[in-house]
Number of protein chains: 4
Amino acid sequence: MGKKRGQKYEQIINAAVKVIAENGYHQSQVSKIAKEAGVADGTIYLYFKNKEDILISLFEEKMGTFVQFSQEKLASKTSVEEKLLLLIKLHLTQLEADYNLAIVTQLELRQSNLALRTRINEVLKGYLGLIDSILVEGIETGFFPESIDRRIARQVIFGSIDEVVTNWVMKDHRYKLKPLAEPLHKMLLNGLKQE
Amino acid sequence: MGKKRGQKYEQIINAAVKVIAENGYHQSQVSKIAKEAGVADGTIYLYFKNKEDILISLFEEKMGTFVQFSQEKLASKTSVEEKLLLLIKLHLTQLEADYNLAIVTQLELRQSNLALRTRINEVLKGYLGLIDSILVEGIETGFFPESIDRRIARQVIFGSIDEVVTNWVMKDHRYKLKPLAEPLHKMLLNGLKQE
Amino acid sequence: MGKKRGQKYEQIINAAVKVIAENGYHQSQVSKIAKEAGVADGTIYLYFKNKEDILISLFEEKMGTFVQFSQEKLASKTSVEEKLLLLIKLHLTQLEADYNLAIVTQLELRQSNLALRTRINEVLKGYLGLIDSILVEGIETGFFPESIDRRIARQVIFGSIDEVVTNWVMKDHRYKLKPLAEPLHKMLLNGLKQE
Amino acid sequence: MGKKRGQKYEQIINAAVKVIAENGYHQSQVSKIAKEAGVADGTIYLYFKNKEDILISLFEEKMGTFVQFSQEKLASKTSVEEKLLLLIKLHLTQLEADYNLAIVTQLELRQSNLALRTRINEVLKGYLGLIDSILVEGIETGFFPESIDRRIARQVIFGSIDEVVTNWVMKDHRYKLKPLAEPLHKMLLNGLKQE
DNA sequence: GATGAATGAGTATTCATTCAT
DNA sequence: TATGAATGAATACTCATTCAT
């Protein structure tokens with residue numbers, strides 16, 4: 001198989017996001033995705049190993065782009081404080097800008113089975129790495145106390161942002177997401193700074 | 001249907017937790033649950049409307065018990081600080097004591113479709129109410145600043161605890177969960193107190 | 001089993017007619033009939049061997065009464081011509097007076113399987129006997145030609161009346177059935193008389 | 001769906017006639033029909049919406065062919081008398097030549113629910129139209145009296161032929177059906193001609 | 001006689017995947 | 001590469017019937 005990046009590959013990924021967001025994971029048959037992508041059912045299997053592979057590839061593709069983009073942006077910030085704020089803003093902004101993608105990542109992707117969940121976590125590591133590097137830098141520069149439990153800190157940061165986004169999706173994105181970055185940032189930062 | 005609490009009802013709920021934890025939701029055929037519960041397949045349908053109803057009832061049952069139990073325990077604590085710590089401890093302790101239940105609530109329950117998710121959220125409201133009452137009390141007593149955004153605070157608290165538990169489950173409960181209560185509590189409390 | 005004629009027996013028969021007419025054969029569960037009859041599900045089995053037995057008993061009961069009643073009435077007529085007219089009128093009148101019964105005999109009873117159909121035909125023999133005796137008398141008195149094929153004649157008479165009633169039922173009994181007796185009688189009589 | 005006339009479509013229809021005739025409608029599982037047709041279970045659903053659709057399509061197919069064939073044959077006859085005789089003969093001949101089909105149309109098809117019965121009646125209209133056109137022509141040419149009730153006449157003709165065939169099927173086709181055409185024709189014709 | 005909780009056999013249908021063209 | 005017709009495994013749910021009370 002291998003990652004055949006081609007026009008059709010992108011077409012199918014994007015069709016999958018749209019179809020899954022609109023119909024839900026269990027109502028998104030391969031044939032429906034194929035139709036939306038404008039290809040034959042069988043063509044899907046020239047680019048993806050199976051249906052699960054569409055899902056995981058979709059997540060890899062979107063998440064990979066996001067992590068790389070975030071990494072570059074973060075490099076421009078010098079303080080740990082600013083870096084954390086930027087990361088939160090980027091996270092909220094990306095999903096606010098693509099509601100379909102938000103539905104897929106926050107709700108539908110989690111309907112997959114354990115095996116798939118494990119692979120998704122693998123992809124997530126890139127993102128969690130970003131969080132971790134901020135934490136490491138914060139500790140090294142003395143901004144965060146040495147005694148901090150990095151694993152818990154990472155889970156608090158990710159869990160909080162994730163929960164904020166999920167609530168926004170479940171509430172049909174009826175409010176703005178980006179403005180929540182500042183208060184969320186303040187809360188997380190304070191929680192981490194103190195000892 | 002109606003909630004027919006009876007011996008068989010409990011039997012089926014507990015069989016479902018075990019079977020779903022061991023096999024995953026999609027590999028937990030009704031017949032498998034019935035066999036584990038020691039009843040006939042058809043008997044399931046005397047107590048539950050359909051397979052989904054087992055899942056939601058299971059959550060209602062367990063979560064309802066937990067919320068009520070927590071509420072009573074919390075009444076014995078006077079300070080907001082202690083209450084938050086106790087809530088976190090109760091949360092972690094309950095799931096650490098029943099790994100099967102933890103698997104179901106953290107992983108399998110989320111594989112359900114949107115309609116079911118909405119009903120699950122309905123049940124969750126009881127728990128979120130507990131968090132909220134602590135926040136309200138904290139603000140009223142001046143322990144938390146007035147300017148705090150209660151919605152975000154609630155999401156940070158729940159999202160953090162939930163993420164901590166999920167990670168513990170995904171890591172095959174290879175470490176102790178309860179000891180994480182203290183550092184988690186400190187982090188959340190500091191995050192909320194400052195302004 | 002044996003035909004236990006009792007109050008409950010009648011209750012169940014009449015409940016069955018009502019339930020089947022209103023819900024159709026396949027939507028008439030034993031529990032629904034029991035409820036309509038005001039008895040427990042299990043009680044049904046004290047009076048009937050199984051579900052099919054309700055159907056066949058229902059038909060025996062209603063058809064038996066009808067045949068006996070018709071037989072008595074026919075005895076008062078002297079000419080074959082009048083007898084045939086009376087039989088047709090009785091047939092149409094009985095079913096016009098009980099639309100639910102008509103639905104059951106013309107439509108729902110025929111949804112039963114072959115085995116049941118055979119038993120129903122057994123019951124029908126009483127009615128076909130009435131037709132046959134008129135034919136025999138007609139031939140003996142020279143009213144009908146000797147050359148007539150009695151079997152075909154019987155099938156023509158029964159088939160015609162039956163089709164007329166079925167059409168009336170399928171057309172939601174939107175017109176009067178009894179007035180069709182005269183023209184139907186004339187047609188059948190002429191068809192039989194000539195040679 | 002649409003009427004995909006293809007080799008497989010025919011195969012399935014013919015397999016259905018055979019299987020249903022031999023096992024009865026309720027004992028004719030889709031898998032049994034598929035096996036007889038030499039296709040996979042799922043293939044059935046590429047050609048038919050559901051199991052009921054096989055039944056109705058089967059009837060449409062066979063009845064449609066029969067009506068068209070009859071219409072062409074009838075055009076060659078000039079007198080109303082001959083036309084009626086031919087129609088009866090064609091009807092009896094077709095079903096005598098295909099006993100399985102006769103079982104299905106006379107017995108099994110009638111085990112369907114009301115909704116299906118309504119659709120079947122729709123298909124029957126073509127055949128009833130043939131009868132009606134003979135009646136109209138007979139009245140116009142003065143062969144039948146003007147006073148005749150066409151609806152009743154049609155029901156008498158159809159009901160008689162249908163009953164004759166049903167009896168033949170129920171009697172396990174132990175006698176010849178075609179010879180009954182002449183006496184049946186004579187009876188119906190006389191019934192209609194007189195006033 | 002009467003009840004109704006419990007039983008468990010039985011089947012239409014979907015849809016991811018393949019492969020001949 | 002691309003197609004799409006064909007495949008066939010897999011399962012929730014109903015309901016007639018029983019039998020302990």
Side-chain angles (χ1 to χ4, degrees), chain A residues 4 6-9 12 26-35 37-55, chain B residues 4 6-9 11-12 26-35 37-54, chain C residues 4 6-9 12 26-35 37-55, chain D residues 4 6-9 11-12 26-35 37-54:
Chain A
K4 310 192 191 177
Q7 193 201 343
K8 293 228 165 115
Y9 179 84
I12 294 166
H26 290 298
Q27 275 310 302
S28 296
Q29 295 81 355
V30 170
S31 62
K32 209 178 263 177
I33 295 171
K35 196 174 179 186
V39 301
D41 293 16
T43 305
I44 297 270
Y45 291 86
L46 297 176
Y47 292 89
F48 301 91
K49 207 168 85 230
N50 52 34
K51 192 184 174 185
E52 268 194 359
D53 192 38
I54 304 176
L55 266 186
Chain B
K4 307 191 196 178
Q7 197 203 339
K8 294 240 163 85
Y9 179 85
Q11 262 171 252
I12 295 166
H26 291 299
Q27 271 312 300
S28 296
Q29 293 81 353
V30 171
S31 60
K32 210 179 265 177
I33 295 172
K35 196 173 179 185
V39 300
D41 292 18
T43 304
I44 298 270
Y45 293 88
L46 295 177
Y47 294 89
F48 302 91
K49 212 165 79 236
N50 50 38
K51 192 182 169 185
E52 262 194 1
D53 192 39
I54 304 177
Chain C
K4 310 192 190 177
Q7 196 204 337
K8 294 227 165 115
Y9 179 85
I12 295 165
H26 290 299
Q27 274 310 302
S28 296
Q29 294 83 353
V30 170
S31 61
K32 210 179 263 177
I33 295 172
K35 194 174 181 185
V39 301
D41 293 16
T43 305
I44 298 268
Y45 292 86
L46 297 176
Y47 293 90
F48 301 91
K49 208 167 84 229
N50 51 35
K51 191 183 175 185
E52 267 194 358
D53 192 37
I54 305 177
L55 265 186
Chain D
K4 307 192 192 175
Q7 195 202 338
K8 294 240 164 83
Y9 180 85
Q11 262 171 253
I12 294 166
H26 291 298
Q27 273 311 302
S28 296
Q29 293 82 352
V30 171
S31 61
K32 209 179 265 178
I33 295 173
K35 195 173 181 186
V39 301
D41 293 16
T43 305
I44 299 271
Y45 293 87
L46 296 177
Y47 294 89
F48 302 91
K49 208 165 80 236
N50 50 36
K51 192 182 171 185
E52 263 194 1
D53 192 39
I54 304 177

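Every chain is numbered from 1 and lettered A, B, ... according to where its sequence line falls, protein lines coming before strand lines. Source: prediction; values computed, not measured.
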Please state how far atom [atom1] in [X] lies from atom [atom2] in [N], giving the value in whole angstrom units.
X: B:Y9; N: E:dA6; atom1: OH; atom2: C1'; value: 19 Å
X: A:D53; N: E:dA16; atom1: CG; atom2: P; value: 14 Å
X: D:Q11; N: F:dA6; atom1: CD; atom2: C1'; value: 12 Å
X: A:K32; N: E:dT14; atom1: NZ; atom2: P; value: 12 Å
X: A:L46; N: E:dA20; atom1: CG; atom2: C1'; value: 14 Å
X: C:I44; N: E:dG1; atom1: CD1; atom2: C1'; value: 14 Å
X: A:K35; N: E:dC15; atom1: NZ; atom2: C1'; value: 16 Å

- Any strand is fair game: report the nucleotide pairing with F:dT17 by Watson-Crick or G-U wobble, both distances under 3.5 Å, or none. E:dA6
- Does F:dT11 pair with anything, Watson-Crick or G-U wobble, both distances under 3.5 Å, and if so, with which nucleotide? E:dA12
Out of curiosity, [X] [atom1] to [Y] [atom2], how far, rounded to the nearest 0.5 Å?
X: A:I54; Y: A:I12; atom1: CD1; atom2: CD1; result: 7.0 Å
X: B:Q11; Y: B:I44; atom1: CD; atom2: CD1; result: 10.0 Å
X: A:D53; Y: A:K51; atom1: CG; atom2: NZ; result: 13.0 Å

- Message: I want to check something: taking the side chain as every heavy atom from C-beta on, are A:V30 and A:I33 in contact at a cut-off of under 4.5 Å?
- Response: no
- Correct closest heavy-atom pair for D:K32 and D:Q27 would be NZ-O, 2.9 Å
- For the pair D:Y9 and D:Y47, name the ring-plane relationship: parallel under 30°, tilted 30 to 60°, perpendicular over 60°. tilted
- Query: Could you run down nucleotides 10-16 of chain F 5' to 3' and tag each one B, S or - for protein heavy-atom contact under 4.0 Å?
  - Reply: -SSBBSS
- Quick one: is B:K8 getting a side-chain N or O under 4.0 Å of the E:dA5 phosphate, OP1 or OP2? no
